[in-house]
Number of protein chains: 2
Amino acid sequence: MVKTKDKIILAAEKLFSEHGFEQTSLRQITSEADVNLASVNYHFGSKKSLIQAVMSRYQSVFMPALDEQLSRLAEHETYSTTDVLACITAPLIALRQVRIDGPVIYLRLLGFAYSEIQGHLRKFTMTHFGHVVQRFFEMIQQANPHLSRKTLFWRLHFSLGAMLFAQVSGQALREIALADFGEETQAEETFLKLLPFVAAGIAADDPESQI
Amino acid sequence: MVKTKDKIILAAEKLFSEHGFEQTSLRQITSEADVNLASVNYHFGSKKSLIQAVMSRYQSVFMPALDEQLSRLAEHETYSTTDVLACITAPLIALRQVRIDGPVIYLRLLGFAYSEIQGHLRKFTMTHFGHVVQRFFEMIQQANPHLSRKTLFWRLHFSLGAMLFAQVSGQALREIALADFGEETQAEETFLKLLPFVAAGIAADDPESQI
DNA sequence: GTCTATAGTATGATAGAC
DNA sequence: GTCTATCATACTATAGAC
């Protein structure tokens with residue numbers, strides 16, 4: 001028999017990833033989970049804590065896995081932007097262990113975590129996994145020595161934005177794509193399509209440094 | 001003397017662009033505008049109508065201007081991805097006529113219009129300016145005949161996501177950048193940094209069609 | 001651990017006096 | 001057109017019985 005606490009987590013993940021954190025009420029969650037309204041506060045203390053519990057379930061799998069991929073790649077003498085970006089793929093797929101549709105759920109959660117002003121989530125991530133984020137940044141830098149740190153900073157966030165947008169608006173976009181091209185696009189296919197786009201964008205010449 | 005209706009519009013634009021549509025209450029708006037709470041409903045009928053009025057004020061300047069830029073470029077025999085993208089710049093700057101910080105405001109509003117599930121906004125835009133959007137898409141296609149329509153569809157949305165994210169999270173990101181590099185980044189500089197990134201991403205080889 | 005009942009707060013919208 | 005007062009509704013959170 002599934003415990004109440006787990007039922008809440010599962011329902012919360014689903015609804016948060018579909019509608020965002022703020023737009024999802026505890027009533028929707030407890031209703032979807034088929035548990036009592038008060039049980040959220042009993043098990044998690046507050047909505048904020050529930051949000052962190054949901055995110056942490058994925059972060060704690062994804063981040064160490066990413067760290068390991070980066071370590072492995074770092075042993076090579078040289079690597080390309082694409083190589084570094086490719087380190088994301090396996091850890092993302094590993095999220096299937098957490099939940100069958102874990103990869104998609106996590107990316108969508110990430111999107112909302114940024115676009116809504118969930119300051120506590122960013123802080124939470126950086127205190128726990130800041131070194132992984134840092135390392136990722138430095139390896140991208142290493143692969144693109146011709147770019148200034150500032151340019152790289154912005155391009156990485158452009159890339160993040162591209163990915164998050166594709167995930168958050170993914171459902172609507174896939175429906176439009178289906179209507180326009182009569183061809184279905186899988187949620188994970190979107191991510192694969194993203195990689196060459198992002199890799200080219202990051203590695204592009206910097207007009208500033210050409211002056 | 002500034003009319004109540006205008007005071008509401010000005011305050012709403014500011015707050016919507018800072019916190020999003022759903023996160024901004026009518027009470028915040030009327031308080032910022034220093035008018036009575038009931039006046040929003042008197043002048044606009046509903047919050048939804050106010051949102052559309054705010055967006056439309058910018059769209060009605062931006063979209064025709066973009067259309068004209070595209071027309072001008074279309075007279076050339078050939079044009080690059082960058083050429084098409086560059087058509088956005090002048091119309092964006094023209095939004096200064098609407099408001100001194102119009103360009104930034106509009107981009108941020110656009111970001112929230114997408115990331116929040118403002119279905120009515122997307123519908124509103126497409127019925128009024130769908131042909132401009134369509135034209136833009138086709139000219140990007142023209143500049144990249146080596147790419148499938150599907151790939152282009154996704155890359156354009158990746159680009160949109162990159163831009164919207166940079167704007168919506170712009171304030172926070174600029175603060176981080178300032179702390180990291182001790183160098184300020186202007187809001188409009190962000191947009192200029194975006195263009196080469198996006199141009200390279202869009203025009204990149206498509207792994208699928210290389211098979 | 002689970003429930004009901006409810007406190008306390010915020011929202012969008014409106015009726016009606018002026 | 002502008003105001004006050006208020007309705008109806010939604011939310012998070014908690015106290016207290018079982």
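Below, chains carry the letters A, B, ... as their sequence lines are ordered, and counting in each starts from 1.
In this structure the side chain of B/L70 reaches within 4.5 angstrom of the side chain of B/V84, judged on heavy atoms.
Applying the ring pair (Phe, Tyr, Trp, His ring centres under 6.0 Å) test between B/F165 and each of A/W154, A/F165, A/Y114 identifies A/Y114 as the sole match.
Between B/H43 atom NE2 and C/dA13 atom C1' there is a gap of 16 Å when expressed in whole angstrom units. Atom CZ in B/R27 sits about 16 Å away from atom P in D/dT9, given to the nearest Å. One atom, CG of A/D34, and another, P of C/dG1, lie 18 Å apart when rounded to the nearest Å. In this entry the distance linking CG of B/D6 with P of D/dT2 reads 11 Å, nearest Å. The NZ-P distance, from A/K3 to C/dT2, rounds to 10 Å in whole Å. Residue B/M1 contributes atom CE, which lies 11 Å from atom P of D/dG1 at whole-angstrom precision. When the C1' atom of C/dT2 is taken as reference, atom NZ of A/K5 falls 16 Å away, rounded to whole Å. For B/Q23 and C/dA10, the CD to P distance is 14 Å, given to the nearest whole Å.
Using a 4.0 Å cut-off between charged side-chain N and carboxylate O, A/K150 and B/E189 make a salt bridge.
Between the side chains of B/Q59 and B/T125, at least one donor N or O lies within less than 3.5 Å of an accepting N or O.
Remark: A/T4 is in phosphate contact with C/dT2, judged by side-chain N or O atoms under 4.0 Å from OP1 or OP2. Contact check, B/N41 against C/dT14: a side-chain N or O comes under 4.0 Å of OP1 or OP2. Under 4.0 angstrom from either OP1 or OP2 of C/dT4 there lies at least one side-chain N or O belonging to A/N36.
Only B/S46, B/K47, listed by number, bring a heavy atom of residues 45-57 of chain B to less than 4.0 angstrom from any atom of DNA chain C.
Residue-level contact check: A/S39 touches neither bases nor backbone, having no heavy atom under 4.0 Å from any strand.
The side chain of A/L26 has D/dA13 as its nearest neighbour among C/dG12, D/dT2, D/dA13. Considering only side-chain atoms of A/A38, the nucleotide from D/dC11, C/dT14, C/dT4 that sits closest is C/dT4.
Closest of all the heavy-atom pairs between B/L37 and B/T30 is CA-CG2, 3.6 Å.
Rounding to the nearest 0.5 Å places CG of B/L164 at 11.0 Å from CG of B/L109.
Of the possible donor and acceptor atoms, one in the side chain of B/S159 sits under 3.5 Å from a partner among the backbone N and O of B/R155.
Taking the nucleotide of DNA chain C with the nearest heavy atom to each of A/Y42 and A/L37, the more 5' of the two is matched to A/Y42.
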